[in-house]
Amino acid sequence: MLERQMILKWLNKSLSFSALILLGLTATLLISIPAISQPGDTTLRNLAQEQNIYIGAAVSIKALRNDPNYREVLTREFNMVTPENVMKFKPIHPERDRYDFTAANEIVTFAKANQMQIRGHTLVWHRSLPDWLTETEWTREELIEILRRHIFTVVSHYRGEIYAWDVINEAVGGKDSLRKTIWQQVIGSDYVELAFRWAHEADPNALLFYNDYGGEGLGEKSDAIYAFVKDLLEKDVPIHGVGLQMHKSIKNPPKPEDVATNIKRLEELGLEVHITEMDVQIHNGTGTEEDRLVKQAKVYQDMLGVCLKAPNCTAFVTWGFTDKFTWIPGFVGQPDLPLIFDKSYRPKPAYHTLIEVLSTANN
Ligand code: XIL
């Protein structure tokens with residue numbers, strides 16, 4: 001009897017103990033779940049929408065899958081995404097007769113569920129190519145057929161779902177010349193127009209972009225890009241815009257007036273401009289980290305300011321958004337903090353200047 005009572009008592013005690021734990025857990029959860037952003041909140045996304053511009057970020061599939069904070073900030077602050085890697089040739093077309101849309105589909109589903117536009121990146125590039133493609137000697141006809149099928153398969157798979165495709169990435173070499181890639185060497189320079197025409201056929205509603213780095217302001221590269229797209233337009237190639245990647249550092253910030261002039265001359269050709277991959281390195285600057293973050297904020301502020309003033313600049317996309325996930329340290333071999341949120345998702349000075357630019361745009 002006593003034994004039974006003791007067991008009951010113990011049960012009772014442990015039950016109320018578990019109830020307490022449960023209560024505590026629920027309370028912590030409630031406190032730690034960030035409030036879902038409302039239409040009137042001061043977020044990049046809401047302010048950008050009022051300015052009729054898309055604000056986006058490149059998305060890492062790993063971070064998206066594993067980090068709830070990443071998803072929360074991404075959907076709160078942005079209304080456009082670019083898959084950082086998973087739509088590139090190698091991951092999406094790993095074998096000659098096999099495509100793998102798994103990861104790319106996840107990003108597309110996520111974006112659609114959160115009313116975000118998608119920039120498809122990228123159909124034709126000289127990097128991220130699978131071995132099956134680079135380790136065989138193809139005839140011109142064979143490679144044309146491979147590229148045609150690749151573009152038709154990938155673009156048709158996402159037909160109606162991709163706002164803009166980076167059809168060709170980083171193809172312009174020096175003055176009047178194309179980079180010597182497998183595409184240029186085996187097919188010839190007309191691979192460019194073929195790619196645009198196939199992409200257009202596969203999804204007539206997607207905007208088609210040429211995307212490159214180092215041609216944001218004025219200079220040899222942006223002149224070459226300008227001549228390149230002008231020539232395509234003269235040949236009636238369906239190209240709708242130019243992507244200015246904007247991988248920059250506080251040491252070589254582009255001159256805002258040069259970027260404005262460049263965007264303007266593209267407008268005169270009837271082309272849209274997207275800032276497609278902005279990040280701003282600080283490791284090679286001078287001053288304390290705090291000073292450098294302020295300089296970084298100024299570069300972001302200037303570039304968004306230029307874009308907002310240009311009627312044909314319709315999207316502003318950063319290459320990631322948190323310093324927790326950025327390609328820069330791997331690329332330059334140095335630690336860096338190139339984005340607008342810190343590693344703990346706290347907004348940096350750059351974030352605040354972007355908010356300020358968007359809030360004061362009409363004044
Ligand atoms: C980079 C990714 O961020 C890295 O994760 C990857 O290892 C290499 O490619 N220009 C582009 C992007 O168009 O696709 C590149 O992305 C960065 C430079």
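Counting starts at 1 for both ligands and their atoms, following the listed order. Throughout, numbering of the chain's residues begins at 1 and tracks the sequence.
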Ligand 1 polar-atom proximity to protein (N/O, under 3.5 Å):
unit_1, atom_1, unit_2, atom_2, d
ligand 1, 3 (O), Glu84, OE2, 2.4
ligand 1, 3 (O), Trp319, NE1, 2.8
ligand 1, 5 (O), Glu84, OE2, 3.3
ligand 1, 5 (O), Asn85, ND2, 2.9
ligand 1, 9 (O), Lys88, NZ, 3.1
ligand 1, 10 (N), Glu170, OE2, 3.1
ligand 1, 10 (N), Gln245, OE1, 3.4
ligand 1, 10 (N), Glu277, OE1, 3.0
ligand 1, 13 (O), His121, NE2, 3.3
ligand 1, 13 (O), Asn169, ND2, 2.9
ligand 1, 13 (O), Gln245, NE2, 3.3
ligand 1, 13 (O), Glu277, OE1, 3.3
ligand 1, 13 (O), Glu277, OE2, 2.8
ligand 1, 14 (O), Lys88, NZ, 2.7
ligand 1, 14 (O), His121, NE2, 2.7
ligand 1, 16 (O), Lys88, NZ, 3.2
ligand 1, 16 (O), Trp319, NE1, 3.3

Residues, nucleotides or ligands: over 12 heavy atoms within 6.0 Å of Glu267 CD: yes

Ring-ring centroid check Phe321 Tyr70, cutoff 6.0 Å: yes

For Arg127, side chain to side chain donor-acceptor pair (under 3.5 Å) partners two or more places apart: none

Lys221 to Tyr213 six-membered ring, cation-pi geometry met (6.0 Å, 45°): yes

Cation-pi check, Arg265 onto Tyr226 ring (under 6.0 Å, within 45° of axis): yes

Tyr210 ring center within less than 6.0 Å of Phe196 ring center: no

